[in-house]
Enquirer: 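First, the structure itself, so that you have it in front of you.
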2 protein chains.
Amino acid sequence: MPSRPKQPSRSKPAVKARSTATPSAAKAKRRPTINDIARMSGVSKKTVSRIINDSPVVNEETRAKVKRIIAETGYVPDPQARGLAFRKSFLIAMIYDNPSPEYIVSMQKGILSAIEGTSFQLVVRPCDRTKPTFLSDMRSFVERQRLFGVLLPPSVSEDEGLVKVLRELNCDYVRIASVSLDKPEVMLVTNDHIGGYEAGQHLAEQGHKIIAHVSGLKSFRSVHERRRGFARALAENGIDLPEKLVLEGAYTFESGLACGEKLLAMKPRPTAVFAGNDEMAAGIYRAARNHGLEIPRDLSVVGYDDNPTSLRLWPPLTTIRIPTENNARMAATMLIKKAPVPHDDTLPSLVVRESTAKPAKS
Amino acid sequence: MPSRPKQPSRSKPAVKARSTATPSAAKAKRRPTINDIARMSGVSKKTVSRIINDSPVVNEETRAKVKRIIAETGYVPDPQARGLAFRKSFLIAMIYDNPSPEYIVSMQKGILSAIEGTSFQLVVRPCDRTKPTFLSDMRSFVERQRLFGVLLPPSVSEDEGLVKVLRELNCDYVRIASVSLDKPEVMLVTNDHIGGYEAGQHLAEQGHKIIAHVSGLKSFRSVHERRRGFARALAENGIDLPEKLVLEGAYTFESGLACGEKLLAMKPRPTAVFAGNDEMAAGIYRAARNHGLEIPRDLSVVGYDDNPTSLRLWPPLTTIRIPTENNARMAATMLIKKAPVPHDDTLPSLVVRESTAKPAKS
DNA sequence: GCCGTCTTAGAAACCGGTGTCAAGTTGAGG
DNA sequence: CCTCAACTTGACACCGGTTTCTAAGACGGC
């Protein structure tokens, strides 16, 4: 046989008596490896590898033949072996410090829907940015797992130290944040100032004049953006937003309650409040109840997020909807494709329900 | 040094101009491998491997020396390479179909705290048991990822088909369910009948006589257990639980609302309701409001779960607390240790708040 | 002193893929 | 007919670990 393509010398290891002796071994239907596919197709494993990786340098005929065999056997390459050779795993991590379960689960859903059908898997990794070992923890996590990439929702997305580590480790990432902080192909911008603007515009249209804002912690970018958009809308309607009507909460129910109590004790009392998120809006509801005030008759409230809880409240909360799941899907797609993805549906939008109305004539 | 171990010939790949375009690549301080440790310690890689895996057949002196070097270099074995050789990854999957974000996040937290400091990672995998391809999807997922193990919260934990697949694939698992369905070392039992009993006992003690129950879908084991415990408590107090006072909901707000509406239209009207979960309790709150009834004056309500939302409701909800995070931690620990873990704090317990009171004299 | 056993250690193959590089074919151009 | 480039393909080393098998010493018993 002069020029027959050499078969990958199948060095038959002389029937290892033990392992094949068990009659039950028959059922152990070991799943096919790249070597099996190569042998069955009469090509080398390298060629099979090329086909798996969509290399362009393969003859169409060969490609078709091997692809057929792959389909017939149901062969799927082993992610660990591939990862080892690539020096890159097929794991995508979501690193987060956001405490809201609804937000986390929406994010995960979006990411999962983006990686469905690919070889990627999602690993979750909560963190605490205030821990002294935060950066070194993250470094060893990313390095050891040889992560394919990382998704960063707020507020970790604002952590330049973390991003620097990721760059050093040559780990891809996509940041989800209220404003652009990085190259467009690694940023998914949520435009929180637009959400704030919509909230302000809505309350102004209702005719409110004394309008308050309970913000989140001012160290977050999104908090600043929401307030900025909100103030702009009020200004356009000739309404002032004095400093004393802006209270800093912490995105929690309790902080919303506390800020609500303060606002409702003021003279004159604000007739409307824009809460930085729904959780704090729920706190403000509680404060209103404590003061014997009725929503929306005595106080209009606008939230932000459109949590499921905003529908549980009574009356149902007017709020700014964030398409979190969709945003996460887009971000994950960007990460995988390594390119910006066209999207026109990531903007926050006003959802009018029953917690806002014209102010009562005083 | 006669028998010096062969060095892994470090084939310097001649500075690939393109991919190393980033100047930062220069400092790419490659992390140490098992070969480096072996060379530095003057032993073979197999010996290092033995030490990593706590094999007993290593001389104490050698072990100490190598361990020192490992500590000095900060060496950590590569999970992918290890997984490839072991034919088992270091991934633990949480497969779930529970729709509650609070529950999912609590579970994840518990699992993450159990695997912290180990080489395991958590991958999340929601599923839909009603999909025709459910079992084959799960099979290929588990097989391809060569999962170390799987955690099954309700209701997937009740799916015997899935469990059979896991056994076939030789994949370890731990099931979290209301009653024991399997060997003790793979079961974490939540004893929902006790929670139901506590709810019933509490309402009976308040003096209620006409008590209703809004259950979840009866196909779930937990639903049956909660009802069984509840009915037993009532029976012990000489209270009947007629069939028509047990309505089947679906663990959703909407189904709670619908069942609440039905109950409150009855004559005589029940003075207390035990909801199968907090979400449905919230729906019952809404129904009470629609009927102009006040909680707890006109209607006492007990929930189940102790969601964060149960504190957002007004009045705060009396409910049965499930230590979800702790349960998940226990289950994950069992999975890793491959043995039952002693636990005495996985029982549901009554949390009395303000949604229950003595019935009004009619 | 010889031999079997126990302890400790290493060489080589292997897990299932990919990168490198060289070689065989083919067709166009001289 | 020869040369050269383009196109395909495969051998081989390698990714970073583990398993198998073999062997060198140490030790005790005969």
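Residue numbers begin at 1 in each chain, while the letters A, B, ... track the order of the sequences.
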Enquirer: Please list all pairs passing the ring pair (Phe, Tyr, Trp, His ring centres under 6.0 Å) test where one or both residues lie in residues 112-162 of chain A, with sequence neighbours left out.
Expert: A:Phe90-A:Phe120, A:Phe120-A:Phe148
Enquirer: Taking NZ in B:Lys88 as the centre, count heavy atoms belonging to other residues, nucleotides or ligands within less than 6.0 Å. Is the count above 12?
Expert: yes
Enquirer: Does C:dT18 have its OP1 or OP2 closer than 4.0 Å to a side-chain nitrogen or oxygen of A:Ser49?
Expert: yes
Enquirer: Quick one: list whatever passes side chain to side chain donor-acceptor pair (under 3.5 Å) with A:Arg129, sequence neighbours left out.
Expert: A:Ser155, A:Asp159
Enquirer: Could you check whether any side-chain heavy atom of B:Glu143 comes within less than 4.5 Å of a side-chain heavy atom of A:Val76, counting everything from C-beta outward?
Expert: no
Enquirer: What pairs meet the ring pair (Phe, Tyr, Trp, His ring centres under 6.0 Å) rule with one or both residues in residues 47-85 of chain A, with sequence neighbours excluded?
Expert: none
Enquirer: Quick one: A:Ile37 CD1 to C:dG17 P, roughly how many Å, whole number?
Expert: 9 Å
Enquirer: Classify the side chain of B:Lys45 and the base of D:dG17 as holding, or not holding, a donor-acceptor pair under 3.5 Å.
Expert: yes
Enquirer: Has B:Thr47 got a side-chain N or O lying under 4.0 Å from the OP1 or OP2 atom of C:dA9?
Expert: no
Enquirer: Please list, by residue number, the residues of residues 69-91 of chain B whose heavy atoms come closer than 4.0 Å to an atom of DNA chain C; answer none if no residue qualifies.
Expert: B:Leu84, B:Ala85, B:Arg87
Enquirer: Can you sort out which residues in residues 52-64 of chain A have a heavy atom within less than 4.0 Å of DNA chain D? Ascending by number, please.
Expert: A:Val57, A:Val58, A:Asn59, A:Thr62
Enquirer: List the residues meeting salt bridge (charged side-chain N to carboxylate O under 4.0 Å, His left out) with A:Arg175, not counting sequence neighbours, and say none if there are none.
Expert: A:Glu160, A:Asp182
Enquirer: What's the CZ-C1' distance between A:Arg144 and D:dG17, to the nearest Å?
Expert: 16 Å
Enquirer: OP1, OP2 of C:dA9 versus side-chain N and O of B:Ser44: anything below 4.0 Å?
Expert: no
Enquirer: Kindly say if B:Thr33 contacts the phosphate of D:dG16, meaning a side-chain N or O under 4.0 Å from OP1 or OP2.
Expert: no
Enquirer: Rounded off to whole Å, could you give me the CG-to-C1' distance for the B:Asp36 and D:dG16 pair?
Expert: 10 Å
Enquirer: Which nucleotide wins on minimum distance to the side chain of A:Val43, given the candidates D:dG17, C:dT18, D:dG10?
Expert: D:dG10
Enquirer: Measure the spacing between CE of B:Met187 and CD1 of B:Ile176 and express it to the nearest 0.5 Å.
Expert: 9.0 Å
Enquirer: Check salt bridge (charged side-chain N to carboxylate O under 4.0 Å, His left out) between B:Glu185 and all other residues, then give those that pass, not counting sequence neighbours.
Expert: none
Enquirer: OG of A:Ser119 to CD1 of A:Ile336: how many Å apart, nearest 0.5 Å?
Expert: 9.0 Å
Enquirer: Report each atom pair, protein N/O against N/O of nucleotides 21-23 of chain C, whose distance is under 3.5 angstrom.
Expert:
none

Enquirer: Test of understanding: with side chain to side chain donor-acceptor pair (under 3.5 Å), list the residues that count as partners of A:Tyr96, not counting sequence neighbours.
Expert: none
Enquirer: Could you state the CZ-C1' distance from A:Arg146 to C:dG17, rounded to the nearest angstrom?
Expert: 14 Å
Enquirer: Side chain to side chain donor-acceptor pair (under 3.5 Å) with A:Arg82: which residues, sequence neighbours excluded?
Expert: A:Asn53
Enquirer: Between P on C:dG16 and CD on B:Gln145, what's the gap in Å once rounded to a whole number?
Expert: 15 Å
Enquirer: Round to a whole Å and report the spacing from CG of B:Asn35 to P of C:dG10.
Expert: 13 Å
Enquirer: To 10°, what angle do the rotation axes through the five end pairs on each side of the helix from C:dG1-D:dC30 to C:dG30-D:dC1 form?
Expert: 60°
Enquirer: Check side chain to side chain donor-acceptor pair (under 3.5 Å) between B:Lys338 and all other residues, then give those that pass, not counting sequence neighbours.
Expert: B:Asp172
Enquirer: Would you indicate whether the side-chain heavy atoms of A:Ile34 and A:Pro77 approach each other to under 4.5 Å?
Expert: no
Enquirer: Check whether more than 12 heavy atoms from other residues, nucleotides or ligands sit under 6.0 Å from atom CG of A:Asp137, and answer yes or no.
Expert: yes
Enquirer: Figure out the CD1/C1' separation between B:Ile51 and D:dT18, and round it to whole Å.
Expert: 15 Å
